[in-house]
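Heads up, the thing below is written out as structure tokens.
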2 protein chains.
Amino acid sequence: MSLAHALLTSLLEQPSSGYQLARRFDKSIGHFWRATHQQIYRELGRMEKAGWIRSEPDPDAGRGRKRSYSVLPAGEAELMRWAGESAPLTELCDEFLVRLRADAVIGPLGLGPELERRRALHADKLRAYHAIEARDFPPGAEGSRQRRIHHLILKAGIQYEAGWIAWYDEALAALALDGPGEGKPQARCADRGR
Amino acid sequence: MSLAHALLTSLLEQPSSGYQLARRFDKSIGHFWRATHQQIYRELGRMEKAGWIRSEPDPDAGRGRKRSYSVLPAGEAELMRWAGESAPLTELCDEFLVRLRADAVIGPLGLGPELERRRALHADKLRAYHAIEARDFPPGAEGSRQRRIHHLILKAGIQYEAGWIAWYDEALAALALDGPGEGKPQARCADRGR
DNA sequence: TGCTCCATGTAACACGTTACATGATTGC
DNA sequence: GCAATCATGTAACGTGTTACATGGAGCA
């Protein structure tokens, strides 16, 4: 149940509506913690029931049924309590590695293009992170503790993407040893028969 | 639903009972895909109903009610079909980064010890992976395509752990700038009042 | 009028986790 | 006999995903 705590953090930074939170999650926290709007609404409901947050029916304009949520002292206390807890490591868990292993067992399946595609996607993300870094954390500026932490979090993303890119390069090189036949899975499948 | 496919791969490598699969998942595939025995039994039931695998009631000895599962042609076909699919990237999703961000918002919470603890855990895993690498993939040996792929998968784990270790070192250095007061969360909490 | 975006929600389902239950075999 | 381990399962729950529904606001 740490989506609740991610939301608390986000609401402390700035009180918002559920919709805004969902959109904001696409940036900042969303880089390392995904949530759909349904999850967020469900969680906001629970948090309000628990007394961690409260909602005002309509803060600025009279349009729609927009609600703005803000954190109550109990919510801040809960966040503080939770942040001090120790949590298990997030383990590496990647579906593509299962596919690779399957490929090892039942002959070459022509994963080359998918490998390239994934490498390109990681490269896109890395570029995006670097752009954010250049804009928000220019070299030379020291920054407050808060900014240093935000920078650290961004660096985790950079490190993660760069690591995958390096690995995909290695994988492409290692699988290229199979030669051009790697692109024709059907032939190999027929070979195995069964 | 890719636990099913991980199990198919594992069963193709060697037909086993559910219990053996659960244990085997602690090694090999388990390094990047976790599953409890309950999940595995549930999934094996579904897969048998789908005609992907079959079970023999008692293969070797007459002990217990052990069942041995093996992959049927339909299961192999399904695995091949699935392996060729393209899947979205696994995104970075780490609870601790949420805690860090919370720490940035509501003052220093003394995350230093937890940071050290997590770095040490990653270092343990890295050491374990390196030991496996030294044992199973000695330098100089070329190996078959299958072995190269297994090595690649292991390298993904190594890369992942090494990346986190580097990041934690950076995080420890960046947060050490706060000085020794970082170890006393209570004082800072009181400061904020509210 | 119809289209798109803003904003909130329900319902059903898939997946993973935790707790608990059961019985068989092995070793002291 | 008793404990530990092997081996399989049920039940309940928490979280995440997908599909669908609703209605207001702004604009062509």
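Just so you know, these numbers use all the heavy atoms, side chains as well, and skip hydrogens, waters and symmetry mates.
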To the nearest angstrom, how far is A/His5 atom NE2 from D/dG14 atom C1'? 14 Å
Between atom CD in B/Glu95 and atom C1' in D/dT15, what is the gap in whole Å? 12 Å
Are OP1 or OP2 of D/dT8 and a side-chain N or O of B/Arg23 less than 4.0 angstrom apart? no
Respond yes when some side-chain nitrogen or oxygen of B/Ser17 is under 4.0 Å from OP1 or OP2 of D/dT8, and no when none is. yes
Ion pair B/Lys155/B/Glu133, N-O distance below 4.0 Å: no
Have a look at B/Trp33 and tell me which of A/Glu91, A/Glu95, A/Arg101 forms a side chain to side chain contact (heavy atoms under 4.5 Å, CB included) with it. A/Glu95
Without decimals, in angstroms, what is the distance between A/Leu44 CG and C/dA7 C1'? 13 Å
The answer to which of B/Arg42 and A/Arg42 contacts DNA chain C further toward the 5' end, by nearest nucleotide, is A/Arg42
Answer yes or no: does a side-chain N or O of B/Tyr41 lie under 4.0 Å from OP1 or OP2 of D/dT8? yes
Rounding to an integer number of Å, can you tell me how far A/Leu7 CG sits from D/dG16 P? 10 Å
Calculate, to the nearest 0.5 Å, the distance between atoms CG and CD belonging to B/Leu109 and B/Glu114 respectively. 12.0 Å
Rounded distance (Å) that lies between atom P of C/dC6 and atom CD1 of A/Ile40: 15 Å
Do NZ/NE/NH1/NH2 and the carboxylate oxygens of B/Glu116 and B/Arg119 come within less than 4.0 Å? no
Looking at D/dA12, D/dA7, D/dT17, which one has an atom nearest to any side-chain atom of B/Tyr19? D/dA7
Measure the distance from CD on A/Gln39 to P on C/dT10 and round it to the nearest whole Å. 15 Å
Regarding A/Asp94 and A/Arg118, does a basic nitrogen lie under 4.0 Å from an acidic carboxylate oxygen? yes
I need the CZ-C1' distance between A/Arg24 and C/dC6, as an integer number of Å. 16 Å
Atom-pair distance (NE2 on A/His37; C1' on D/dA19), nearest Å: 10 Å
Given D/dT8, C/dA7, D/dT17, the nucleotide with the shortest approach to the side chain of A/Thr36: D/dT17
Touch check for B/Gln38, heavy atoms < 4.0 angstrom, all strands: base, sugar-phosphate only, or nothing? base
